[in-house]
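Reading through the structure tokens given below for one structure.
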Amino acid sequence: MEYDFRKIEPQWQKKWKDSKAYQVSNDSVKPKYYVLDMFPYPSGAGLHVGHPLGYIASDIYSRYKRLKGFNVLHPMGFDSFGLPAEQYALETGQHPAETTKKNIATFKSQLDKIGFCYDWDREVQTSDPNYYKWTQWIFLQLFNSYFCNTQKKALPISLLINKYETRGAMPKTGEPIPGKHFTAAQWNAFSKKEQEEVLMNRRLTFSKYGEVNWCEALGTVLANDEIVNGISERGGHPVEKKKMRQWYLRITDYADRLLDGLDKVAFSDSMKEMQRNWIGKSEGAEVDFEIKSQKSPQDPAEKLKVYTTRPDTIFGVDFMVVAPEHDLVSQITSVEQKAAIDEYLAYVKSRSERERLAEAKIITGCFTGAYAINSFNKREIPIWIAEYVLAGYGTGAIMAVPCGDQRDFLFAKHFKVPITNIIGSHYNGEEANPTKDAVLENSGFLNGLRMKDAIGIAIKKIEELGIGKKKVNYRMRDAGFSRQRYWGEPFPIVWQDGIAIPLDAEELPLELPHVDKYGPGPEGEGPLANLTDWVDLTPNPSPRERGTQDPAAFGYINSTSEEWKKTIAFANQNRKEATDEEDIIWQEIRNRKIAGFKFRRQHPISGYIPDFVCLEKRLIVEIDGEYHNEDEQKIFDKGRENWLNEFGFTMIRSTNYAVNNNLNAVLKDIEHALLNKETVSEPEGSNTPLFWRGAGGEVQRETSTMPGYAGSSWYFLRYMDPHNNQTFCDRKASDYWNQVDLYIGGTEHAVGHLLYSRMWTKVLFDLGLIGFDEPFKKLLNQGMITGVSEFIYRYNPSGNPETIRMTSIIPYQNIDMSTLLETGETPAATMAKGLYPEIYFSFDAIKKGEENNFSPIHVDIKYVDSNKLDVNTITQNESKYSKACFVCKDGFYLRGEWYNDKLEKISPLLYTTTSAGEKMSKSKLNTQNPDELCEKYGADTFRMYEMFLGPVEASKPWDTKGIEGVHRFLRKLWRLFNDDIKGPIWTSSAPSPLEQSSETKIGSVARGGEVTDAELKILHRTIKKIEEDTERFSFNTAVSTFMICVNELADLKCHKKEVLEKILILLVPYAPHIAEELWQQLGNEGFILDARYPTFDPAWLVESSKDYPISINGKLRTNIQLALDLDQPQVEEIVLQNEIVQKWLEGKAPKKIIYVKNKMINVVI
RNA sequence: ACUCGGGUGGUGGAAUUGGUAGACACGCAGGACUUAAAAUCCUGUUUGCAGUAAUGCAAGUGACGGUUCAACUCCGUUCCCGAGUACCA
């Protein structure tokens, strides 16, 4: 019988599914074990071969733990909010909800084919309202909490309010600082808004202004990922910094606890180190320097506050460096330097933070013309601005000590600032020396002190002089928590008069409304800002309540008029008092629920505020109360309707009675009316008097959405209790499952996701909602599977347009380029003609030295064959390239590889060329799909092959070359059970077992007979090794152990059930399908999934002797078989008698003989 | 630039605590079986030198240096590659 995995695998997958073999209960007598994968973002490219690496590892471990008798929770879900779906929507118009749904279906079917043991009943999707309801809910818990600095934990903000109301916020010692401290009386006298501003400074999620990457041309905020070489990847437009109101997560309050918590978890040292460095706790001092007045000596001095970890070097300060964004810059810049500073500021604005730090070789800066005064020696110190100082860290200003800090040193050398040496011979004038061991010189009262000791003394002095204080600083910043995007959780927040008001828990989930356009809002806000009726919650009054009965009053009104303000004021009141019936209708027609048409609620049309209006159909729906039956009102209604008809509006009137008694009929009427009217394009612009867009109401929703990490910060809790609609996770469930015992995922999440989820866990713990404050007990980092990326090189018109010409290049495009391009013309000129929005150069058409005029852009690997881009196909298939010009050389568009003189590959562009490989990811367009391999070799082969590739933790390039070997192994295993094979193995020395034995075939499986010692030795050695390897996640060596075992058993022609059955159980975690099938063939009942893991008998592993390697002077010369119970003198005697040893001794006596029992023997001559 | 990883045959990798470098596979070469193919099996395969051969000697874990009886493993310097660097997830 053949190993027919195509038949076996689906069959067992179905049996597992039908019998719910992987369903996990929250109630079991077995000990619990929680194995978790970092859930995937369901990208449009589907599962790639990098995903399963970790998933297979966790699946192996879960199955292993199950065989060992644990109740194992091993769930899977989807991190389904995120930018790529939105980008795709922008390009294709497909709604993210739809593409996401489709992608998840693809992912699930791909995962199922690999045979994972997930309990799909526990699946979570972050974009599911039933899930993000609780993300929003947790956000509100954060919003309504603050970090108590005495108890070092989160507490409800109501406690803080209570404290302010009764005791105020006064300093323990010293004078209160206005704006920071206040008494209870002062607090109570604050306006609501002032109070809220104070509270906002303590809330764990809070709002303030922050910088974003702004692309004017696209009118939108960009992720760093969307920026290449300082310009937007999409379109190549300039990007600059812009301040916008943002939400933040106050993770800095948890910095110390996040550091301390690392001692309690089993993460790799490198992972802990990365987190520690990210948090970047440092101790130092904040020091104020007076700024020398440029007006008169009497002028009250401004102060420049710097943060330094080395206050001991304060006498070595030769200049100050202030971040270009620093508030003081404009104030202190001298008249003479203003022009230079402005120019420098413009330059900095175009630079990304990463570029500013990365390109430290390029030293830039600008003198402000101002001087600070060193209080210790009254020296005047020039103040510079430079991009290497970031506004976000410390105080955004540093004191530069060039003899002790290399960056300061280079800066001083570059700008020829004289350097003061305070460390004597430790400074050589060639480079800075950051030592703490030098004895200080030229340092006033610190002279003669070792720097280490001087730090504390300097701080003390600084504090005595009142010019600064000791300060703990963190490199970590509060995490930005809002995105100007659509596809994320909406904030459960409304703004009223600049105050953020949280929704009530009962109002959750605040569902993400449907949009048609994914472009940014008018001010660069997220797409939600365009949904004026969703955003604007300002209540509208009805005409009647407004008090006017005169239809003639409804003419055009001006947007800035008092009349308009009055309309809004009435609207405010009206919406608050919406009738129940209006609410019923609204629930039925909102979010385009009727035939996809958009209704607005009480949207002003000039001075008239209808109950509901669909602008594109000019259809108004009024739900009338009793008073519409009055004669006077009837006349008024009629007059108004006539007026509206003039503007093309139709009106449907219904009644409260109809809504309550025959809602469907009312809705049918509305639908009918909608479908029978022509669409009118909606007037644009805010000064159209008749229709009112963005009504400018006073109560507005937050239009940003939460970032990707919001949903992933707590998903591990939801798996424990996924269907609960009373709470995010029942305390009983979280107490049972407790921490994740094993968490598997990539190092790329080392500082983002892992820190955020650790913080959320701590907050939930502080608030008593869960019983543990670290989410992940053990973390295993899976290595990246790298793919080979391909690039095309886009000409950047903001580069130097004069140097590059189209000469000697044969242009290539799907249209006849030769007629359109003139040789000798610059690409800029070609673009200026408007023929092509973008020009891409073949790599060999780019001259050396001109690389900076090009940006490498990832291109899908499917369009690149060996090193040539298929220009025809890409321009046909990808709309974004349909109009692009591909400049080729000699008729081909080539990818690039440049070599230096030594023929080593060099990367002239910012990114590597193509050969090195990068993390496999959708955004890099370099993914490889597992389906084909599963189809060709089966899931078991695929699983074992991915494990066989190398250690789970190592990153490795993807390559399918070795898969044959793994597949061969499984077939060989199969043949141990099924002997109907022909071939020389059975015929050469021994007859085939079939001929040899007259026993009946049990499904042609496993005959009896005495189990030999050799077979038992193999079996027990294998059990031991597989168990050890699985325990330490060394799955690649486990696979090779299986191979060795099967090879050896095949050599012994062992077909004995007693041996093979145990091997099968060992194999379950690795190759569950074949194990299940052979288990059944052996005549066993039930799944092998729940078999008992075999134990090994050490008796079979004991050896009595060893073939010792004998080294002479550390070099291996021979081997000697020795009994293990010999002592050193006995061993020495035997060794010295050995012929080869004697040859090397050449008659001399050995100096020393080293004998390491069971290891080796080394003879030193 | 900074933080954290990594670098071993033609390839993926093994060597678990400083103790026989190259397990197990892929590939390649040769062979067996076969009309042939597939499948299967056997032999060889780090490099250089010597030898018909068995084998022996030398070199060898990115490079250079150090510690040690002994270093892929520890230390120092350096080169290269990957991940992350705060709006990709």
Side-chain angles (χ1 to χ4, degrees), chain A residues 38 40-41 43 79 81-84 87 212-213 221-226 246 268-271 273-274 276-278 280 353-354 356-361 388 392 407 476-480 482-485 707-709 712 746-753 781 783-784 786 904-905 912 916-919 921-924 945 948-951 953-957 959 961-966 968-969 971-972 975 981-988 1028-1029 1032 1034 1036-1037 1039-1044 1047 1107-1111 1113-1116 1119 1151-1154 1156 1159-1164:
Chain A
M38 289 183 185
Y41 174 78
S43 87
D79 189 10
F81 271 135
L83 189 56
Q87 283 291 8
V212 292
N213 299 312
V221 176
L222 293 180
N224 286 334
D225 227 45
E226 298 174 288
Q246 302 289 342
S268 68
D269 289 341
S270 62
M271 183 64 45
E273 206 51 33
M274 260 192 263
R276 286 197 190 100
N277 289 327
W278 179 262
E353 187 174 304
R354 201 175 310 173
R356 283 171 59 173
L357 290 170
E359 295 166 21
K361 280 177 217 152
Y388 77 91
R407 266 194 309 192
M476 179 169 68
R477 311 197 285 262
D478 285 325
S482 48
R483 303 287 182 264
Q484 280 61 54
R485 306 279 181 193
Y709 66 80
S712 61
T747 46
E748 67 268 33
H749 298 287
V751 287
H753 161 63
N781 289 118
M784 223 80 58
T786 55
E904 293 158 338
K905 222 171 264 176
T912 93
E918 290 183 290
K919 171 173 86 161
S921 103
K922 163 82 168 133
S923 64
K924 302 191 195 311
Y945 178 60
F948 192 55
L949 270 179
E953 287 165 281
S955 70
K956 44 210 162 258
D959 187 2
K961 273 193 293 190
I963 197 164
E964 289 280 353
V966 176
R968 254 171 239 165
F969 152 74
R971 280 206 305 257
K972 196 165 183 180
R975 284 199 309 274
I981 10 147
K982 298 177 179 65
I985 186 174
W986 308 116
T987 55
S988 55
E1028 278 172 7
D1029 283 355
R1032 68 190 174 102
S1034 180
N1036 55 328
T1037 53
V1039 174
S1040 89
T1041 303
F1042 278 121
M1043 288 173 169
I1044 292 167
N1047 286 345
D1107 193 22
Y1108 279 92
I1110 312 295
S1111 296
N1113 282 343
K1115 282 203 172 98
L1116 179 73
N1119 283 49
K1151 278 191 194 142
K1152 202 195 283 181
I1153 296 179
I1154 288 151
V1156 184
K1159 290 279 189 211
M1160 48 67 70
I1161 293 157
N1162 188 13
V1163 180
V1164 185

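In what follows, chains are A, B, ... by sequence order, proteins preceding strands, each numbered from 1.
Each of A:Met1043 and A:Ser1034 was matched to the nucleotide of RNA chain B holding its nearest heavy atom; the match closer to the 5' end belongs to A:Ser1034. Both A:Glu964 and A:Lys956 lie near RNA chain B, and the one whose nearest nucleotide falls closer to the 5' end is A:Lys956.
Across all strands, A:Glu953 comes closer than 4.0 Å to no nucleic acid atom at all (heavy-atom distances).
In this structure, the CZ atom of A:Arg407 is 9 Å from the P atom of B:rC2, given to the nearest Å. Per the geometry, CG belonging to A:Asn1036 stands 12 Å off C1' belonging to B:rU16, to the nearest Å. Rounded to whole angstrom, the span from the CZ atom of A:Arg968 across to the C1' atom of B:rG27 amounts to 10 Å. As a whole-Å value, the separation of A:Asn781 CG from B:rG84 C1' is 12 Å. Going from atom CE of A:Met274 over to atom P of B:rG84 covers 10 Å, rounded to whole Å.
For the C1' atoms, the distance linking B:rC69 with B:rC74 amounts to 16 Å, nearest Å. Distance noted for atom P between B:rU46 and B:rA23: 8 Å (whole Å). Going from the C1' atom of B:rA70 to that of B:rU77 covers 24 Å, rounded to whole Å. Nucleotides B:rA38 and B:rU45 place their P atoms 25 Å apart, quoted to the nearest Å. Nucleotides B:rU73 and B:rG18 are separated by 11 Å at their P atoms, to the nearest Å. Using atom P as the reference point in both B:rA15 and B:rA89, the two lie 37 Å apart (nearest Å).
An OP1 or OP2 oxygen of B:rA39 is reached within less than 4.0 angstrom by no side-chain nitrogen or oxygen of A:Arg971. For B:rU20, the OP1/OP2 oxygens have no side-chain nitrogen or oxygen of A:Asn1119 closer than 4.0 Å.
In B:rG9 the O4'-C1'-N dihedral to the base is within 90° of 0, which defines a syn nucleotide.
Residues A:Asn781 and A:Thr747 bring no donor and acceptor atom of their side chains to less than 3.5 Å of each other. In this model, a donor atom of one side chain and an acceptor atom of the other lie less than 3.5 Å apart for A:Lys972 and A:Asn1047.
Considering only the side chain of A:Leu83, B:rA89 comes nearest among B:rA25, B:rA89, B:rU85.
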